[in-house]
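Numbering starts at 1 and runs along the sequence shown. We use all heavy atoms of the structure for the numbers below, so side chains are in, but hydrogens, waters and symmetry mates are not.
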Amino acid sequence: MQRLEANQTEAFRSLDKALRGEILDKEEIEELFRVPSKSEAFYAIQYASRKISESVSRGKAEIHGQVGINIGPCPKNCQFCSFAACNKVFPEPSVLPTAEIISRCLDLEEAGANAIYLMTTANFSFERFIEIAHEVRNKLQKESVLVANIGDFSYEQALELKQVGINGVYHALRLGEGNTTAINPKRRLESFAAAKEAGLILGNCVEPVGPEHTVEELVEKTLIAREANPVFSGAMRRITIPTTPLSQYGMLSEGKMAHILAVVRLAMGHHILGNCTHEPNVHGAVAGANLLWAEVGSNPRDVAGETHRGISVKRCREIYWEADWEVLSGPSQFFR
């Protein structure tokens with residue numbers, strides 16, 4: 001039996017290039033995405049991803065905790081999101097009391113989360129978010145990392161986020177943006193630039209990935225993610241929300257997602273420290289994901305106002321143990 005099938009030879013050359021710290025081009029990334037499932041190169045890609053992730057993060061994985069602040073019908077109508085008005089999951093808006101938001105952030109901090117995220121729907125009042133973030137920042141330890149996961153924002157608003165004590169933002173140009181969402185892709189990129197100009201640290205991800213997405217789409221979004229120069233990237237699968245238009249496509253397996261997140265890791269280069277997968281799973285962590293999220297409150301992949309899909313910091317730590325990762329103690333090294 002030959003060591004390699006002919007169509008995998010180029011993939012191994014790209015693997016060697018990525019392991020040396022060289023930047024892969026568009027064609028090389030596409031070749032890696034096209035590697036057949038369960039082939040030798042398929043597993044070699046995941047091995048290389050794990051090796052790079054361990055090297056750049058000094059063998060330490062991270063757990064970030066997110067508090068979903070509100071629910072309600074969002075006019076951005078992202079078809080993959082339970083908050084989309086068109087999906088009619090949450091017909092009435094509601095917001096967690098500030099005291100409850102603070103309590104949940106403190107619980108995540110005490111549990112050992114390396115960063116705390118505040119997440120809202122895209123149409124949530126920016127002024128109200130600033131008020132909440134200010135209250136949260138004042139209650140957290142000074143060294144704790146606070147991250148915003150909100151809708152698009154201007155440079156002036158990015159400065160406000162910075163001034164109120166937000167360390168960084170999670171922001172992504174999603175698969176299907178402008179088609180399965182009512183958001184102009186250009187607006188997402190403007191938010192990337194605003195965050196950078198204001199001195200906010202950016203994290204992003206190739207998401208949400210479903211069976212309907214082509215290799216060409218994955219390559220395009222991977223390159224956009226890399227060009228944004230985030231501190232972490234990675235890949236998140238689309239979770240099916242029942243009765244929504246995208247439910248007809250089903251979901252990708254965790255095994256296939258491990259391959260995708262590994263290719264994204266190789267494409268990012270060694271200067272980008274973090275590689276996330278979501279939702280947390282052992283297969284992804286084995287394949288090089290050094291960032292998992294714990295979640296409380298609302299969740300755009302859940303039909304319950306209080307998420308049943310989100311897991312705890314403790315459970316994330318158990319997943320890393322199963323995957324032979326050591327978890328960082330203290331503030332995130334990605335957001336330094």
Side-chain angles (χ1 to χ4, degrees), residues 29 32-35 37-38 42 45-46 49-50 53 61 63-64 66 68 78-84 87 89 117 119 149 170-177 179-181 203-222 224-225 230 232-268 274-295 298-303 307-311 315-316 319-320 322-323:
I29 297 169
L32 293 179
F33 275 127
R34 292 192 186 280
V35 163
S37 177
K38 296 177 284 188
F42 177 83
I45 287 168
Q46 294 177 48
S49 167
R50 174 66 179 258
S53 284
I63 301 168
H64 295 184
Q66 179 164 274
C78 303
Q79 292 180 22
F80 46 78
C81 179
S82 61
F83 302 143
N87 287 336
V89 177
Y117 291 52
M119 184 199 70
N149 184 357
Y170 175 83
H171 216 65
L173 177 58
R174 284 83 55 87
L175 287 154
E177 201 80 83
N179 182 19
T180 57
T181 79
N204 68 24
C205 184
V206 177
E207 54 108 336
V209 187
E212 70 275 19
H213 296 123
T214 65
V215 166
E216 288 78 13
E217 289 177 286
L218 291 174
V219 172
E220 177 196 28
K221 294 304 186 291
T222 299
I224 288 171
F232 70 79
S233 193
M236 180 186 81
R237 73 171 172 173
R238 180 179 49 70
I239 301 298
T240 298
I241 306 295
T243 74
T244 63
L246 297 181
S247 64
Q248 64 181 306
Y249 299 110
M251 285 195 304
L252 290 174
S253 68
E254 289 180 353
K256 290 179 180 177
M257 282 306 304
H259 171 67
I260 292 170
L261 76 89
V263 174
V264 174
R265 166 72 275 179
L266 299 179
M268 289 298 126
N275 185 46
C276 70
T277 191
H278 204 59
E279 298 171 324
N281 65 91
V282 174
H283 200 150
V286 169
N290 60 2
L291 172 55
L292 301 178
W293 276 278
E295 295 175 285
S298 61
N299 182 329
R301 300 173 313 287
D302 208 332
V303 296
T307 183
H308 299 306
R309 298 198 64 91
I311 65 173
R315 180 59 188 139
C316 288
I319 289 172
Y320 276 136
E322 296 285 0

Task: Closest contact, heavy atoms only, D302 versus H308 - done: OD2-N, 2.6 Å
Task: For the student: nearest non-hydrogen atoms of A289 and T277, plus distance - done: CB-CG2, 3.6 Å
- [ ] Indicate the atoms forming the closest heavy-atom contact of I45 with L266, along with that distance.
- [x] CG2-CD1, 3.8 Å
Task: Gap separating the CZ atom of F83 from the CE atom of M119, nearest 0.5 angstrom - done: 4.5 Å
Task: Option among E279, E207, E212 that satisfies the salt bridge (Lys or Arg N to Asp or Glu O under 4.0 Å) test with R238 - done: E212
TODO: Please round to the nearest 0.5 Å and tell me the distance separating atom CD1 of I63 and atom CD1 of I319.
DONE: 9.0 Å
- [ ] Establish, from distance only, whether the side-chain atoms of H278 and Q66 form a donor-acceptor pair under 3.5 Å.
- [x] no
Open item on the list: Could you measure the distance from the OG atom of S253 to the CZ atom of R237? Nearest 0.5 Å is fine.
Closed with: 7.5 Å
Open item on the list: Quick check against the 3.5 Å criterion: does S49 have a side-chain atom that pairs as donor or acceptor with the backbone of A287?
Closed with: yes
Task: Reported CD-to-CZ distance for the pair E295 and R301, which is rounded to 0.5 angstrom - done: 4.0 Å
TODO: Could you grab the distance from atom NE2 of H171 to atom CG of N204, nearest 0.5 Å is fine?
DONE: 10.5 Å
Under 3.5 Å, sequence neighbours excluded: what are the donor-acceptor pairs made by side chains of residues 242-250?
residue	atom	partner	partner atom	Å
T244	OG1	I241	O	2.6
S247	OG	T244	O	2.7
Q248	NE2	P245	O	3.0

Task: Least distance between heavy atoms, R174 atom then T181 atom - done: NH2-CG2, 4.2 Å
Open item on the list: Could you report the tightest heavy-atom contact between E217 and T214, atom names first, then the distance?
Closed with: OE1-N, 2.8 Å
Open item on the list: As an exercise, state the distance from CG of L175 to NE2 of H213, rounded to the nearest 0.5 Å.
Closed with: 4.5 Å
TODO: Without swapping roles, check the side chain of T307 against the backbone of S298 for a donor-acceptor pair under 3.5 Å.
DONE: no
- [ ] Given side chain to side chain contact (heavy atoms under 4.5 Å, CB included), test N87 with F80 step by step and report yes or no.
- [x] CA-CA 9 Å; N87 287 336; F80 46 78; over 6 Å; no
Open item on the list: Is it the case that the side chain of N275 and the backbone of A262 share a donor-acceptor pair, with hydrogens and angles ignored and the cut-off at 3.5 Å?
Closed with: no
Open item on the list: For a quick test of reading the model, state the closest non-hydrogen atom pair linking A267 to I29 and the distance between them.
Closed with: CB-CD1, 3.7 Å
TODO: Please state whether the rings of F232 and Y117 are parallel, tilted or perpendicular, taking 30° and 60° as the class boundaries.
DONE: tilted
